Amino acid sequence: MNTPPIAVRSPGLAAAPTLSPDAVLAWFGTRASLNERWLFTLDGRSGAGKTQLSDRLAQHYPRAQVLHLDDLYRDWDSLPSGVLRARQLVEHWRAGRSPSYKPTQWAGMPPREREPIHATRSLIVEGVGAGWVGQNIAEGSAWLEASREQRRIRALRRDGEMFAPYWVSWETQERSWFTAHPPRADVVVDASDLTDEERSAAH
């Protein structure tokens with residue numbers, strides 16, 4: 001059974017207009033023009049399409065850097081601590097400092113070097129909890145909304161069988177996080193349309 005859209009339940013999203021993924025790129029464009037250096041956040045539950053949208057934003061703004069919260073969750077049980085670490089990094093960035101972090105080495109992935117966050121460049125933060133990371137700081141924030149089944153298809157296609165055993169436990173963490181920190185965003189993105197590849201993977 002599909003989880004009801006969280007946008008309906010959260011007062012912090014009730015007044016936000018709903019845009020298509022294409023329309024939200026134009027909306028972010030108006031926000032980017034307001035400041036030379038800006039922060040955008042993309043929040044939503046797992047599989048909502050946050051990473052894909054951040055990739056599209058990065059193509060529009062090649063000098064912007066992207067902070068993926070997946071690189072800060074240390075394991076499948078550390079959503080809150082990963083979000084807190086992201087907030088600390090963003091606060092350093094906001095203060096004009098250039099912090100760095102060591103990306104998590106997930107199973108099957110090669111180790112990576114420390115990643116810098118340059119103080120002089122704009123920043124896109126995407127992941128579960130990203131809205132809280134940019135609260136009272138971000139020039140623009142979006143919540144991506146899709147049904148539970150659509151999100152599950154995307155997440156398992158992206159992460160394969162590695163994620164399958166953890167889907168329910170991660171979902172529980174998301175529910176706990178958003179109960180304690182109700183999501184807020186300037187706009188809601190209708191991310192309900194699956195691509196042809198995603199539809200094929202579901203069958």
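The model shown is predicted, which means the values in this text are computed figures rather than measured ones. Residues: numbered from 1 along the sequence shown. The figures that follow rest on heavy atoms only: side chains count, while hydrogens, waters and symmetry mates do not.
- Between Ser46 and Trp170 the shortest side-chain heavy-atom distance falls below 4.5 Å.
- Neither Trp132 nor Val187 shares a network with the other; the hydrophobic side chains, linked directly or stepwise wherever heavy atoms of I, L, V, M, F, W or Y lie under 4.5 Å apart, form separate groups for each.
- In this structure, Val90 and Gln135 have side chains that are not in contact, with every pair of non-hydrogen atoms separated by 4.5 Å or more.
- Taking a 6.0 Å sphere around CZ of Arg94, one finds it holds 12 or fewer heavy atoms contributed by other residues, nucleotides or ligands.
- One distance of note links CG of Leu39 with CD1 of Ile137; it measures 7.0 Å at 0.5 Å rounding.
- A side chain to side chain donor-acceptor pair (under 3.5 Å) check over residues 112-121, counting only residues at least two apart or in different chains, returns the pairs Asp71-Arg112, Ser100-Arg114.
- When all heavy atoms of Arg85 and Leu72 are compared, the pair lying nearest together is NH1-O, 3.2 Å.
- Val189 and Leu13 are members of different hydrophobic clusters when ILVMFWY side chains are connected at heavy-atom separations under 4.5 Å.
- Side-chain N/O atoms of Asp43 and Thr41 include no donor and acceptor closer than 3.5 Å.
- With rounding to the nearest 0.5 Å, the separation of CG in Leu67 from CD1 in Ile117 is 5.0 Å.
- Here CG of Leu144 is found 10.5 Å from OG of Ser192. Values are rounded to the nearest 0.5 Å.
- Residue Glu171 holds its CD atom at 9.5 Å from OG of Ser169, rounded to the nearest 0.5 Å.
- Considering CD1 of Ile124 and CZ of Phe28, their distance stands at 8.0 Å, rounded to 0.5 Å.
- Looking at Gln173 and Trp177, their side chains never bring a donor and an acceptor atom within 3.5 Å of each other.
- When all heavy atoms of Ala119 and Gly96 are compared, the pair lying nearest together is CB-O, 3.3 Å.
- Of all non-hydrogen atoms in Val188 and Ala16, the two that sit nearest each other are CG2-CB, 4.0 Å.
- Smallest separation of non-hydrogen atoms from Gly29 and Tyr61: CA-OH, 3.0 Å.
- Annotation: side chain of Leu69 is in contact with side chain of Val125 (closest heavy-atom distance under 4.5 Å).
- Counting only heavy atoms from C-beta outward, the side chains of Leu34 and Arg31 approach each other to under 4.5 Å.
- Considering every non-hydrogen atom in both Arg87 and Gly134, the closest pair reads NH1-C, 3.9 Å.
- Residues Leu53 and Leu25 meet the side-chain proximity criterion, which asks for heavy atoms closer than 4.5 Å.
- By the rule that hydrophobic residues join a cluster once side-chain heavy atoms approach within less than 4.5 Å of another member, Leu57 and Leu19 end up as members of one cluster.
- Across all their heavy atoms, Ala191 and Ala48 have their closest contact at CB-O, 3.1 Å.
- When only modelled atom types and interatomic distance are considered, Glu126 and Thr51 share a side-chain donor-acceptor pair under 3.5 Å.
- Leu84 and Trp93 fall within the same hydrophobic cluster, defined by Ile, Leu, Val, Met, Phe, Trp and Tyr side-chain heavy atoms under 4.5 Å apart, directly or through other members.
- In this structure, the side chains of Asp70 and Thr104 stay at 4.5 Å or more apart for every pair of heavy atoms.
- Checked against salt bridge (charged side-chain N to carboxylate O under 4.0 Å, His left out), Arg152 has no partners two or more places apart in sequence or in another chain.
- With hydrogens and angles disregarded, a donor-acceptor distance shorter than 3.5 Å links the side chain of Tyr73 to the backbone of Val128.
- Linking Ile, Leu, Val, Met, Phe, Trp and Tyr residues whenever their side-chain heavy atoms come within less than 4.5 Å leaves Val66 and Tyr101 in two separate clusters.
- No donor-acceptor distance shorter than 3.5 angstrom exists from the side chain of Arg151 to the backbone of Gly47, with no hydrogens or angles considered.
- For the residue pair Ser141 / Asp186, a side-chain donor-acceptor distance below 3.5 Å is found, with atom types taken as modelled.
- Taken to the nearest 0.5 Å, the CH2 atom of Trp143 stands 8.0 Å off from the NZ atom of Lys50.
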